[in-house]
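Protein chains get the first letters and strands the later ones, always in sequence-line order, with residue 1 at the start of each.
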Number of protein chains: 2
Amino acid sequence: MTSTASAAPVDQKLRCDAARNRERVLAAAMELYREHGGAFTVEEVASRAGVGIGTVYRRFPTKNALLDELARPFFEQLLATAQAARAHPRPAERLEVFIRSMAEQHAATGVRSGRLWDTALARPLRDQYQRTVELILADARDGGRVRPDVDVYDVGVVIWTVGGLIDATGRAAEVIWRRHLDLVLDGLRPGGHTSPTTRPIQQSDWEALVVAAPALRLG
Amino acid sequence: MTSTASAAPVDQKLRCDAARNRERVLAAAMELYREHGGAFTVEEVASRAGVGIGTVYRRFPTKNALLDELARPFFEQLLATAQAARAHPRPAERLEVFIRSMAEQHAATGVRSGRLWDTALARPLRDQYQRTVELILADARDGGRVRPDVDVYDVGVVIWTVGGLIDATGRAAEVIWRRHLDLVLDGLRPGGHTSPTTRPIQQSDWEALVVAAPALRLG
DNA sequence: CACAAAAGCGGAATCGCATTCCGGTTATCG
DNA sequence: CGATAACCGGAATGCGATTCCGCTTTTGTG
């Protein structure tokens with residue numbers, strides 16, 4: 001699947017009432033998202049926004065497109081996060097700070113930097129983001145804080161992977177992802193390890209993960 | 001959500017025709033699973049099995065329960081894998097062998113050891129499995145091949161996490177999970193690192209991950 | 001073997017949701 | 001002010017999973 005739609009002609013030349021409705025829909029959706037995290041009906045969005053379903057659909061071709069749109073602001077925040085990390089005083093620590101704050105942000109907002117990468121509007125952001133990450137990585141490398149063979153993709157995978165843990169355990173068991181991230185970050189360093197700051201995972205934490213993973217792939 | 005149902009009274013005292021049908025359904029489902037990987041209809045299962053939908057549902061309260069049932073044999077295989085690793089000649093290497101073969105098996109069969117853990121029938125297997133993992137871990141620790149602070153849960157999380165990558169990228173980009181696993185395994189070791197055997201990840205590999213992750217959590 | 005329950009059966013009917021359609025409305029522009 | 005393209009609302013569709021229920025076998029018994 002290529003990035004369906006989302007190449008939506010931004011919010012240009014919309015009839016003013018249409019524009020207003022678009023905002024209402026977005027606002028309603030955001031509200032619902034905060035309340036139920038994606039588990040809401042398009043009809044609910046419509047009624048809360050005080051418009052008909054058709055209206056929602058003329059503006060957003062699909063529920064997913066709507067969600068993507070919701071994610072955009074958070075996504076811009078991600079870029080900001082990367083740039084903030086880049087500004088960290090000790091260059092060598094920037095990579096770790098970066099990865100940690102990405103995770104932290106994901107945990108706080110529930111937004112993962114997945115599909116969005118692929119949308120037209122996000123492209124410029126994406127390029128900037130990637131460039132920033134390269135720089136951060138270079139800093140860490142210069143400072144001797146990463147194994148020289150670690151590249152941007154490795155970093156991306158780590159973030160993706162921890163993102164999965166965050167999605168799966170969320171509030172229920174933060175330790176799980178924190179502890180794992182500590183271990184992985186240790187693993188990325190060139191030399192020995194420093195001791196992680198987290199407590200070990202416990203049976204009760206683990207349950208959350210077990211329940212979250214279906215035994216068979218569904219797609 | 002606690003393990004819904006699945007405490008099904010095994011395949012005991014079923015009217016013989018019922019038992020036959022149950023097998024047919026299971027067989028049909030397995031066929032379909034191999035063909036479409038979970039993306040099939042309960043009606044398809046029914047018709048391929050030559051029974052009515054109702055029949056499927058009387059035996060398996062939900063499509064998911066059916067899938068869980070399908071997974072069982074694979075799951076037993078997982079235990080076998082653990083035990084095989086335990087039998088590896090060099091004790092110190094058992095942990096790594098274990099983790100690697102778990103991933104390998106997941107990649108090959110598409111079965112992840114998630115929800116199943118929680119079912120009544122799986123419990124005895126699970127206990128055995130956990131005990132085995134403890135032993136493997138102890139071996140590695142004695143051999144000085146893992147940081148002393150790594151425990152069973154850490155191992156579990158690594159397997160879960162790599163499982164996520166496998167599900168997401170599958171055939172499309174094996175490098176991703178292999179490379180990541182190499183890095184993580186390196187990270188679990190107490191001392192320095194050995195160089196991984198995989199090639200670095202490339203843009204084209206990465207795409208797979210990007211597309212696989214939705215921007216917003218849906219549950 | 002006959003017979004009443006118990007256990008099964010098929011598949012139509014429901015339900016929840018996303019997505020599509022279409023006849024009626026309203027900004028906008030000349 | 002009139003034409004019309006852009007909008008609207010919300011009923012209708014489509015698709016799956018899951019439920020229901022009247023009819024059929026199996027099974028246990030006498």
Q: Should the side chain of A:Arg15 and the base of C:dT28 be counted as holding a donor-acceptor pair, with the cut-off at 3.5 Å?
A: no

Q: When the nearest nucleotide of DNA chain C is assigned to A:Glu43 and to A:Gly54 on a heavy-atom basis, which residue is associated with the more 5' position?
A: A:Glu43

Q: Salt bridge check: are B:Arg72 and B:Glu69 linked by an N-O gap of less than 4.0 Å?
A: yes

Q: Between C1' on D:dC15 and NZ on A:Lys63, what's the gap in Å once rounded to a whole number?
A: 16 Å

Q: Give a yes-or-no answer on whether the side chains of B:His106 and B:Asp167 include a donor-acceptor pair shorter than 3.5 Å.
A: yes

Q: Think A:Lys63 forms a cation-pi with A:Phe40, using NZ or CZ under 6.0 Å from the six-ring centre and within 45 degrees of its axis?
A: yes

Q: Which sits closer to the 5' end of DNA chain D, B:Thr41 or A:Gly50, going by the nucleotide each is nearest to?
A: A:Gly50

Q: Figure out the CG/C1' separation between A:Leu67 and C:dA18, and round it to whole Å.
A: 12 Å

Q: Looking at A:Thr55, does any N or O in its side chain come under 4.0 Å of the phosphate oxygens OP1/OP2 on D:dG9?
A: yes

Q: Closest approach to the side chain of B:Cys16, judged atom by atom: which nucleotide of C:dG10, C:dG11, D:dT27 is it?
A: D:dT27

Q: Rounding to an integer number of Å, can you tell me how far B:Phe60 CZ sits from C:dC9 P?
A: 11 Å

Q: How many Å lie between CZ on A:Arg22 and P on C:dA27, as a whole number?
A: 19 Å

Q: Working to the nearest 0.5 Å, report the span between CG of A:Asp139 and NE2 of A:His88.
A: 11.0 Å

Q: Determine: side-chain N/O of A:Thr62 to OP1/OP2 of C:dT19, distance under 4.0 Å, yes or no.
A: yes

Q: Do B:Ile53 and B:Val42 come within less than 4.5 Å of each other through their side chains, counting heavy atoms only?
A: yes

Q: Rounded to whole Å, how long is the line connecting atom NZ of B:Lys13 with atom P of D:dG28?
A: 12 Å

Q: Atom CG of A:Leu14 to atom P of D:dA5: distance rounded to whole Å?
A: 18 Å

Q: For the side chain of B:Val51, starting at C-beta, report the closest nucleotide among C:dG10, D:dG9, C:dG11.
A: C:dG10

Q: Identify, between B:Tyr57 and B:Asp17, the residue whose nearest nucleotide on DNA chain D lies closer to the 5' end.
A: B:Tyr57

Q: Check whether any side-chain nitrogen or oxygen of B:Asn21 sits under 4.0 Å from OP1 or OP2 of C:dG8, and answer yes or no.
A: no

Q: In whole Å, I'd like the distance from the CZ atom of B:Arg59 to the P atom of C:dA7.
A: 11 Å

Q: When you measure from the side-chain N and O atoms of B:Arg58 to the phosphate of C:dA7, is any distance below 4.0 Å, counting only OP1 and OP2?
A: no

Q: Over how many whole Å does the gap from B:Asn64 atom CG to D:dA17 atom P extend?
A: 10 Å

